[in-house]
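Here is the structure we will look at.
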Amino acid sequence: MGLSMAVAEWWVERWERQQRRYAIDREERFTVIADVVEYVTAGQRRPLVVDLGCGPGSLAARLADRLPRAEVVGVDMDPLLLELARTHHSSAARYVDAVIGADGWIEAMALGRPLDAAVSTTALHYLPEPVLRRTYAQLAALLRPGGALVNGDHLPQPGAVAGALAAHVGRRRAERQRDGDHEDWASWWAAVASEPELAESLAERRRRLSAPVSGADDGGADNGLSVSDHAALLRAAGFAHVVPVWQFGDSCVLVAIR
């Protein structure tokens, strides 16, 4: 059974609502990321942008609207979210099924030319430090001089006191923005299990989650790295400038310029 546009739209809209529980000022963060990409790609006739951990195409669609001349490549390992992206946001990006940091993921993207920007939202904090270190080095090699990695993610402040305070402020902000919508990550996935049109991709997702990934360390949990840790890894990978351009609580947009 194929996935219809109407069903894809329904589940993507529900995804957007539940994600707002976790990403503080999510729409503003998307806008800031697009601002940075617009800045670093100014003058490029057809910018090449990779969306790391693209999910159902939320950021890719916003980038395509903001930068219609850009070529966007979305990368994700989740077959169900990719099916939603390919159906609901089919024109926004070319979607690639690959595990970030695993063997062969760079080749799977088939880029063919240097990147102008790489973007990500709430995906890289799941990568264990060795995988993240390798991934940052790979991205530095893919980006042209002056290109940027733009990461909007949960990046805690270093130190117990500063980290706890920033996390508390962020949680309080998120509570004020929930608008009575109580669906969360777990309940979204529980609900999607009842959708016949997504049964095949959900079965494939479950199969993959039960199997080891070649070349990638065990993931799935927050790596616990602070914004300072990420900055240090980025500089070690060869990025010349690393700067946070937006932050609220522990939600941050960190930019690394090649």
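L63 CG to C54 SG: the interatomic distance, rounded to the nearest 0.5 Å, is 11.5 Å. The CE atom of M5 sits 7.0 Å away from atom OG1 of T87, with the distance rounded to the nearest 0.5 Å. L124 contributes atom CG, which lies 7.5 Å from atom NE2 of H230 (distance to the nearest 0.5 angstrom). How far OG1 of T41 is from CZ of R144: 7.5 Å, rounded to the nearest 0.5 Å.
Within a 6.0 Å sphere centred on CZ of R172, heavy atoms belonging to other residues, nucleotides or ligands number 12 at most.
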Full working for side-chain hydrogen bond (donor to acceptor under 3.5 Å, both in side chains) between W10 and E195: CA-CA 11 Å; W10 166 253; E195 175 53 64; 5.7 Å; no
Show the numbers, then the answer: is there a salt bridge (Lys or Arg N to Asp or Glu O under 4.0 Å) between E71 and R113? CA-CA 11 Å; E71 177 187 353; R113 59 191 175 102; 2.9 Å; yes
What verdict does the side-chain contact (heavy atoms from CB on, under 4.5 Å) test give for D250 and Q157, after you've listed the backbone C-alpha separation in whole Å, the side-chain angles of each residue and the deciding distance to 0.1 Å? CA-CA 7 Å; D250 58 5; Q157 291 298 307; over 6 Å; no
Checking side-chain contact (heavy atoms from CB on, under 4.5 Å) for the pair T31/W246: CA distance, chi angles, key distance, verdict? CA-CA 11 Å; T31 300; W246 180 90; over 6 Å; no
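Taking the charged nitrogens against the carboxylate oxygens, R20 and E27 have no contact shorter than 4.0 Å, which rules out a salt bridge. A salt bridge links E16 to R26: at least one charged side-chain nitrogen sits closer than 4.0 Å to a carboxylate oxygen. Under a 4.0 Å N-O distance rule, the pair R86/E83 does not qualify as a salt bridge.
In this structure, R205 satisfies the cation-pi test against W189, with its NZ or CZ atom closer than 6.0 Å to the six-membered ring centre and inside 45 degrees of the ring normal.
Residues H89 and P56 are not in side-chain contact: their nearest non-hydrogen atoms beyond the backbone lie 4.5 Å or more apart.
In this structure, the side chain of D153 does not engage the main chain of L155 through any donor-acceptor pair within 3.5 Å.
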